[in-house]
Amino acid sequence: ELGGAAASAMRAHGVVDGSVTFRQPSWRVARVARLSGTADAATRAAIITQVKRHPGIADAVWVQR
């Protein structure tokens, strides 16, 4: 479910080569989404904001792969 929410957010913003992985720090209940794909800074910020609204996702960051 969490991966689907992140993937939907990326598709909605036109990122077709996006991917998402999650890590769960031992001290957090929720996961951190690690997003990647071809997008400009404004699009990345919009996607991160949208993904962070989803229950169970504590934070989201964009990483270069």
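Positions are given from 1, in the same order as the sequence printed here. Just so you know, these numbers come straight off a predicted model, no measurement behind them.
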**Message:** Nearest 0.5 angstrom please: Thr43 OG1 to Ile48 CD1, how far?
**Reply:**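 Rounded to the nearest 0.5 Å, the OG1-CD1 separation comes out at 11.0 Å.
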**Distance in Å, Ile47 CD1 paired with Met10 CE, rounded so as to fall on 0.5 Å steps** =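 CE of Met10 is found 6.5 Å from CD1 of Ile47.
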**Prompt:** Under 3.5 Å, side chain of Asp59 to main-chain N/O of Val32, donor-acceptor pair present?
**Reply:**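 No.
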**Pairs touching residues 35-46 that satisfy salt bridge (charged side-chain N to carboxylate O under 4.0 Å, His left out), sequence neighbours left out** = none
**Asked** Which atom names give the shortest non-hydrogen contact between Trp62 and Ala39, and what distance separates them?
**Response**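 The pair with the smallest heavy-atom distance is CZ2-CB, 4.1 Å.
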**Request:** Quick one: closest heavy-atom pair of Gln50 and Ala9, and the distance?
**Result:**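 Taking Gln50 first and Ala9 second, the nearest heavy atoms are CD-CB, 3.7 Å.
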**Message:** Any heavy-atom pair between the side chains of Leu35 and Val51 that's under 4.5 Å?
**Reply:** yes
**Item:** Verdict with supporting geometry, Ile57 and Arg31, side chain to side chain contact (heavy atoms under 4.5 Å, CB included)
**Value:** CA-CA 5 Å; Ile57 298 178; Arg31 291 178 175 85; 5.6 Å; no
**Request:** State which residues pass side chain to side chain contact (heavy atoms under 4.5 Å, CB included) with Thr49; sequence neighbours excluded, sorted by chain then number.
**Result:**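 With neighbours one apart ignored, the set is Arg53.
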**Non-neighbouring partners of Ser8 that pass side chain to side chain donor-acceptor pair (under 3.5 Å), sequence neighbours left out** = Arg11
